[in-house]
Amino acid sequence: MKIIIANDYEQMSLEAANIITDIIKSNPKAVLGLATGSSPIGLYENLIKEYKSGNISFKDIKTINLDEYIGLDGDHPKSYRYFMDDVLFNHVDIDKSNTFIPNGKAQNLEEECTSYERKLDELGGQDVQILGIGTNGHIGFNEPSEELVLYTHVENLQDSTIQANSRFFKSIEEVPTTAISMGIGSIFKAKQIVLVASGPKKAEIMASFQNNNLTPQIPASLLKLHPNVTIIMDKEAGKYYL
Ligand code: GLP
């Protein structure tokens with residue numbers, strides 16, 4: 001596991017974007033595993049800059065996202081489909097039919113999970129998976145639990161996650177309580193993983209990467225098992241490393 005402490009959010013975003021840019025340059029048909037949340041927004045802004053400067057193209061890139069809220073369709077401004085269109089897809093030359101996000105309005109959620117995992121396999125897995133992290137250690141929407149689910153599944157969101165994500169909604173009652181999420185095994189299909197974390201609220205959870213413990217109570221701790229993980233934090237999230 002490689003750990004990089006950046007000075008601030010801007011430098012963190014640039015370091016992460018440089019990794020993704022290099023992957024796209026060496027493989028213009030790369031499969032990018034994408035994440036939502038505020039942490040990767042700066043990373044996406046840098047990718048848009050690289051595209052606008054003519055350094056990279058998304059023409060043949062395929063993307064697959066970690067998760068989606070159940071009950072929100074892609075037109076809903078708080079859905080992760082809408083978010084991805086807004087922060088990345090609408091600003092680059094990607095073919096949207098090559099961008100995959102679970103359907104939060106699927107009639108048959110079990111079938112949606114199975115077919116999403118199959119889609120990930122058909123794509124050959126992610127060349128790189130971008131991750132953020134919840135303050136409780138969740139990755140995607142894999143919440144702390146006695147048992148984690150290996151592949152794409154329906155997840156009940158914890159109160160702390162609903163509370164944390166309520167800042168994106170008008171009121172806490174509007175936050176969906178369930179989501180479709182890739183499992184830890186789906187995330188591990190990635191050849192490389194890049195996790196970004198910023199701000200003081202992430203300092204405690206990021207400190208847990210310093211020990212050698214694995215626990216489903218901190219889903220992100222399982223990343224210690226993956227052979228190619230880069231964690232990039234700003235100084236506030238990485239304060240226990242300084
Ligand atoms: C959500 C997403 C996660 C993300 C987390 C942290 O719960 N499902 O993928 O990592 O939020 O978000 P933020 O980066 O805004 O702190």
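As the structure is a prediction and not an experimental result, all values here were calculated from the model.
Other residues, nucleotides and ligands contribute at most 12 non-hydrogen atoms within 6.0 Å of the CD atom of Q107.
Applying the salt bridge (Lys or Arg N to Asp or Glu O under 4.0 Å) definition to pairs two or more places apart or across chains, none involves residues 3-17. Counting only residues at least two apart or on different chains, the side-chain hydrogen bond (donor to acceptor under 3.5 Å, both in side chains) pairs with a member in residues 57-66 are S57-D93. Under the side-chain hydrogen bond (donor to acceptor under 3.5 Å, both in side chains) criterion, the residue pairs touching residues 228-242 are N7-K235, E204-Y240, with sequence neighbours excluded. Residue pairs that meet the ring-ring contact (aromatic ring centres under 6.0 Å, His included) test with at least one member in residues 101-133, sequence neighbours left out, do not exist here.
When atom types are taken as modelled, the side chain of N90 and the backbone of D85 share a donor-acceptor pair closer than 3.5 angstrom. In this structure a side-chain-to-backbone donor-acceptor pair under 3.5 Å is present from Q158 to P144. A donor-acceptor pair under 3.5 Å links the side-chain atoms of T114 to the main chain of E110, judged by distance alone. Here the side chain of Q126 pairs a donor or acceptor atom with the backbone of A190 at under 3.5 angstrom. Counting only distance, with no hydrogens or angles, the side chain of H91 and the backbone of F89 share no donor-acceptor pair below 3.5 Å.
Relative ring orientation between F141 and Y80 is described as parallel, the plane-to-plane angle staying below 30° on a 0-90° scale split at 30° and 60°. Note on ring orientation: taking the six-membered ring where Trp is involved, the planes of Y51 and F58 are perpendicular (angle over 60°, cut-offs 30° and 60°).
Counted by atom type alone, S171 and E173 present one or more donor-acceptor pairs between their side chains at under 3.5 Å. Residues N98 and K29 have side chains that never bring a donor and an acceptor to within less than 3.5 angstrom of each other. Between the side chains of N55 and E50, at least one donor N or O sits under 3.5 Å from an acceptor N or O. At a cut-off of 3.5 Å, with distance as the only test, a side-chain donor of D95 or S97 sits close to an acceptor on the other residue.
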- request: Applying side chain to side chain contact (heavy atoms under 4.5 Å, CB included), run through E68 and S181 and close with a yes or a no.
  value: CA-CA 7 Å; E68 178 62 282; S181 178; over 6 Å; no
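Comment: D75 does not engage R81 in a salt bridge, judged by the lack of any side-chain N to carboxylate O separation of less than 4.0 angstrom.
Residues satisfying the ring pair (Phe, Tyr, Trp, His ring centres under 6.0 Å) test with H226, not counting sequence neighbours, are F188. In this view, E143 satisfies the salt bridge (charged side-chain N to carboxylate O under 4.0 Å, His left out) rule with no residue, not counting sequence neighbours.
No side-chain heavy atom of L47 sits less than 4.5 Å from a side-chain heavy atom of V92.
In the hydrophobic cluster analysis, where Ile, Leu, Val, Met, Phe, Trp and Tyr join through side-chain heavy atoms closer than 4.5 angstrom, L66 is grouped apart from L157.
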